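Please read these numbers as outputs of a predicted model, since none were measured by experiment. In what follows, chains carry the letters A, B, and so on, assigned in the order in which the sequence lines appear, proteins first and then strands, with residues in each chain numbered from 1.
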Protein chains: 2
Amino acid sequence: MRVARAGGYACRVLTFDEYQQRVLASARPLPAERRPVAEVANLLGLVTAEPVHSSVSLPGFTNSAMDGYAVWSADLRGATPDTPVVLPVAGDIPAGDTRSLELAPGSCWRIMTGAPLPTGADAVVQVELTDGGLEEVRLREAVPAGTALRHRGEDVQPGDEVLPAGTRLQPRHVPVLLSSGVGEISVFPRPRVAIVSTGDELVAPGEPAGHGQVVDSNGPMLGALARECGFDVAAVCRSGDSPEALLATVQELTGAADLIVTSGGVSAGAFEPVKLAFTGSDDFEFVQVAMQPGKPQGFGTVSGTPVFALPGNPVSSLVSFLLLVAPAARVLAGRDPEVPTVEAAVAEHWTSPPGRQQFARVVFDEDGRMVRPIGGQGSHVLGGLAGSQALAIVPAGTTEVAVGETLRVIPLDGLA
Amino acid sequence: MRVARAGGYACRVLTFDEYQQRVLASARPLPAERRPVAEVANLLGLVTAEPVHSSVSLPGFTNSAMDGYAVWSADLRGATPDTPVVLPVAGDIPAGDTRSLELAPGSCWRIMTGAPLPTGADAVVQVELTDGGLEEVRLREAVPAGTALRHRGEDVQPGDEVLPAGTRLQPRHVPVLLSSGVGEISVFPRPRVAIVSTGDELVAPGEPAGHGQVVDSNGPMLGALARECGFDVAAVCRSGDSPEALLATVQELTGAADLIVTSGGVSAGAFEPVKLAFTGSDDFEFVQVAMQPGKPQGFGTVSGTPVFALPGNPVSSLVSFLLLVAPAARVLAGRDPEVPTVEAAVAEHWTSPPGRQQFARVVFDEDGRMVRPIGGQGSHVLGGLAGSQALAIVPAGTTEVAVGETLRVIPLDGLA
């Protein structure tokens, strides 16, 4: 760790890994909540805080795996295509038949897939091995007991764990969850993220930007990232260059958000509202991080709520959100903080600043295995940001990124 | 193509590829709509139907890339740490300053990052190369014209294409979209998908399942899949075993949905409401597809709306949705129909039925490069479905899946 002096503020320079570990160190999952299973659409993406145990058998009753005839297998002994066994058909058992039926020896029931097996039957003969008769049926093949049955409880027994703790709920978990007879489950709630863009230069989206003004695109972008990453967006708002107003806004948001993100106002200038609002607090720290983009960073807590003070330009904000905020918010959600990466080879040379870990905007070649830089690495280049498909991670020790080298890259599609 | 006869219905057997091509053949993007850019949160995930051209310059005005002093570079000729140039400071220009200021020769302005450059200035000296003076400042280094400036229009010029047609809008597109001065853009709307589970055996989620009954988990699962894949869910409803009631339900849904999915009621049994409702229509076809799971399939149109009739068990429904419905709905959304796959090696032997393309439930090994089967391949096994992480694609010609073989697999996380 080195100590640097920039613009009148004493700042420590941390490596990216040191800083990421620091902001994750105090992150803990939010208190778990019990939620009704029947409202499963609201549970998707959440993580189970406790294992889910079935209270029922699945299937709940022994049923037919085929359309055919429910029989006592001993009745079919010796049946062949040339010497079929002929049985009277007691009736139809469709799926959803709630009657408790019995099979009389020497008879059969026509039965549909999923319909409950009548007591006394021990097999189903599929319709293709019969003449499909309705009054009586010719059965052309003997079948062993158990044929074409799904036995009560063969998939799940009462008390079985059907989902372990730590499962992030996906569509494929819905059937077992809804079928397990459980009314409520315990999950970590979705973290509520609030966004505050700062700066007197900002005007709202849709308003014209006059001389000296820019449209606030950071707030909506960070809100979109938060949603894309699976978090709730508690607020997207703006604050000017008044540290007092910013502090009041942040304090108010602590009641509605589990995590607050500010953008802008953290560098070395004279009017840095975020830095002015929180410098001096024991619970807040401004540092320089050996990363590009995203060098000036602030992190702390206000009334116990974590606050990330990100640099203000859009590229720095996006990179800082993905690499620092999203991992911390995933921990709040009971998820793995890790940022997913894939490997790719470098298709075109570029440079990286000495001593800083670079997150370079890149595009994939057609097969998705090679990357090349896009849009220059100036962090205000909106066109290049829009055109990029991934962030390539260049280690701090590398200044020349050579063709053919392999890098880890963070795809920007499918952040969820 | 072979012709099979199953359960009294003449059915063609198609290969999976033949059938997938058939259901995609008539799919076209929905009519494009114009939407306000300011409501950008509603645009995310949608695809641009036309290119977006900026109506403004970005940056909109030449501004400072650093905190420092705006100067006329010629005034600093010969400045060194030992022989600094001293200039009077005309005042501060913070970011967001909307005044049109001028630089008098032989003076300077203190200027912040992003603040508009005063007329007459041609460079910014970063604060670290000065004594930071407020009345007058000692500038310790000569800088060439253009230093630390972001020129009006250097990122984007009026009329520049900032997003091509066919862009699926992501958070990284938000800054350029909001900054480009464009009020509305043309996008393909999000397809509205309606789901109808069929069968007298179904009870609503949250209701107890009696003898012969099962909880309808398919409807909520298919709804969850639709949402996860980026579509709107117009309805999730149930219909019993009455073909007339089903037909009425589907006809009503054509007013609210761009695509309708039914589950169940398509196999060889006696009470198959979906088959009974649509068989005989010129616009509907029931086929057998050489795939496992998912063999019985129906597809057609009702009042011009595409209807997918999927088999009823949850695993078959999920596989059919991902491989057939989702690609078609992506075409409606202007997206690429392709189902994303990755490569993985087989870690444990399993078998596949002869002549059918298998979509086998598998889990990844820890490094994500090898897969093994899970949960048996019986399509009613809910526990195995919940525990699976991907579908491995086994070609129709393969019956023994050998250790070490490489397969394409469809990851079940991150379907968006």
Leading residue by heavy atom contact count with chain B [cutoff under 4.5 Å; candidates A/G212, A/G368, A/G96] | A/G212
Among B/V162, B/V40, B/D97, B/I111, which has the most heavy-atom pairs under 4.5 Å with chain A?
-> B/D97
Do you know which of A/L318, A/D160, A/D413, A/V156 has the most heavy-atom pairs under 4.5 Å to chain B?
-> A/D413
Between A/Q170 and chain B, which part of the residue has a heavy atom less than 4.5 Å away: side chain, backbone, both or neither?
-> side chain
Whatever's closer than 4.5 Å to a heavy atom in chain B on A/R227 counts as side chain
Picking from A/G387, A/P220, A/G181, A/G183, which has the most non-hydrogen pairs under 4.5 angstrom with chain B?
-> A/P220
Contact origin within B/S388 toward chain A - heavy atom pairs under 4.5 Å | both
With a 4.5 angstrom heavy-atom cut-off, could you sort out which part of A/L225 is near chain B: side chain, backbone, both or neither?
-> both
Distance col, row B/L382:CG vs A/L178:CG, nearest 0.5 angstrom, shows 10.0 Å
Among A/L44, A/T98, A/V214, A/D216, single out the residue with the greatest number of heavy-atom pairs under 4.5 Å to chain B.
-> A/T98
Could you tell me which non-hydrogen atom of A/F61 sits nearest to which non-hydrogen atom of B/Q213, and how far apart they are?
-> CE2-O, 3.3 Å
Rounded to the nearest 0.5 Å, how far apart are CD of A/Q389 and CZ of B/R172?
-> 6.5 Å
Taking only distance into account, with no hydrogens and no angle test, what donor-acceptor pairs under 3.5 Å do side-chain atoms of residues 199-209 of chain A form with protein atoms, sequence neighbours excluded?
from, atom 1, to, atom 2, distance (Å)
A/D200, OD1, A/D241, N, 2.8

Tell me, for B/L385 versus chain A, whether the close heavy atoms (under 4.5 Å) come from the side chain, the backbone, both or neither.
-> both
Is it the side chain or the backbone of B/A95 that comes within 4.5 Å of chain A heavy atoms, both, or neither?
-> both
Between A/V174 and B/A224 the two heavy atoms that sit nearest each other are CG2-CB, 4.4 Å
Whatever's closer than 4.5 Å to a heavy atom in chain B on A/L163 counts as side chain
Side chain / backbone / both / neither for B/I93 at chain A, heavy atoms under 4.5 Å | neither
Check: A/T113 and B/E272 side chains under 4.5 Å, non-hydrogen atoms | no
Closest heavy-atom contact between A/P171 and B/M221?
-> O-CG, 3.4 Å
For A/A386, does its backbone N or O pair with a side-chain atom of B/H173 as donor and acceptor, under 3.5 Å?
-> yes
Side chain / backbone / both / neither for B/L412 at chain A, heavy atoms under 4.5 Å | both
Okay, B/L58 and chain A: the region with an atom under 4.5 Å from a heavy atom over there is side chain
Applying salt bridge (charged side-chain N to carboxylate O under 4.0 Å, His left out), which residue pairs with at least one partner in residues 109-119 of chain B are found, sequence neighbours left out?
-> B/D92-B/R110
Of the backbone (N, CA, C, O) and the side chain (C-beta and beyond), which part of A/A41 lies under 4.5 Å from a heavy atom of chain B, both, or neither?
-> both
Under 4.5 Å from any heavy atom of chain A - which part of B/M112 | side chain
